[in-house]
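This report concerns only the one structure given below.
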Amino acid sequence: MRVINFNAGPAGLPLPALERARDELLDFQGSGMSVMEHSHRGKEYESVHNEAISLLTELLGIPDTHQVLFLTGGASQQFAQVPMNFLPPGASADYLMTGVWSEKAYEEAKLVGQARIAATTVLPDKRYVRVPRQDELQLDPKAAYVHVTSNNTIYGTQWHRWPDVGNVPLVADMSSDFMWKPMDVSRFAFIYAGAQKNLGPSGVLIAVARKDFIARGRKDIPKIFRYSTHAENNSLYNTPPTLAIYLCRNVLAWAKQVGGVARLEQWNREKGELLYGALDKHAGFYHAPVERESRSYMNVVFKLPTPELDDTFVAEAKKAGMVGLKGYRTMGGIRASIYNAVTVDNVRTLVSFMEEFVRKNG
Ligand SMILES: *Cc1c(COP(=O)(O)O)cnc(C)c1O
């Protein structure tokens, strides 16, 4: 029996995408072998690769100015690769600090060139409970780019209005909320997202890049690290993670089949409202630290009155078929990650469990 998976990443995948993979595993489209046994230069794999790109392009309405890339190394590698490509000597990049991942991105940028903190909402105890307001951004109009983390997987905060950065290229780590709702891709010069949160399995990273921006990237770095290399070769410069891209294809096909990204947003909003509704209703028992305007629709964090009750909550939830609810290792408490693959019914089950838990322990 499958459990309800609230893991933060790698996270649950939509069941139809997994069932399709199971059905196609041993004999991919009558070829007598699995998709992962095919050459990445063969027509069988290439059609999957291109279908994944065209599905994503269609689902997000990606304009011609932009291009989809499949990369490896995860978001963590992009923390270094973004400044390697876009931060030339003498230039400076602005970083908006909203959590652990933006801190890591900033630290890597400092190893490559000059990086500046243009805003931070860090608290004296190092936590973050909101993202900055527009009037708190101290932007350098000459910056090479501004880097933002759209959703803060660990602290459970999310940008609900994109920062206005004028004419400076906007670069976003969207690892944990990519494709959670329709978006205007044209606002961004470079978007990157590890697939294992909201889009597929680990092993592949999706980037959506403005073509002229990556074409201008530095050429005095090894070829393999240049985004332009991957762009010029349709992400087939070297062997891509074919199985991971195939699974992303299955997830994207599922997303299209259920009604596209507008439908995903409708479900995600419903899930968030159900869960935050329960937290607000029992605010004397469940403590949700994130400020209302910054609440994440992907990662919902809260605490019970004592750490012991947190542990009991996690253990009893597991017995009830719900896993992955333990908070991030340094944060404690509870984190329910409710990515696209988590259904509204799954969240209803969690909310009933929470109601029952208050009745028994409140
Ligand atoms: C998980 C995560 C990362 C790190 O991803 P890796 O694939 O492990 O490198 C970076 N940024 C955000 C926002 C994340 O959620």
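Counting from 1, the numbers follow the sequence of the chain as shown. Every number for a ligand or one of its atoms is a count from 1 in the order of the listing.
- By the 4.0 Å N-to-carboxylate-O rule, K110 lies close enough to E107 to be salt-bridged with it.
- Around ligand 1 you find G74, A75, S76, F79, W101, T149, N151, T153, D173, S175, S176, Q196, K197, each with a heavy-atom distance below 4.0 Å.
- Ion pair E273/R269 not flagged as a salt bridge, since none of the NZ, NE, NH1 or NH2 atoms sits closer than 4.0 Å to an Asp/Glu carboxylate oxygen.
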Extract all donor-acceptor atom pairs below 3.5 Å that involve side chains of residues 199-216 and protein atoms in other chains or at least two apart in sequence.
| residue | atom | partner | partner atom | Å |
| --- | --- | --- | --- | --- |
| R210 | NE | D212 | OD1 | 2.7 |
| K211 | NZ | D64 | O | 2.6 |

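- Side-chain contact annotation: Y339 with N299, donor-acceptor N/O pair under 3.5 Å present.
- Donor-acceptor pairing under 3.5 Å is lacking for the side chains of D173 and T149.
- S294 and T157 share no side-chain donor-acceptor pair at under 3.5 Å.
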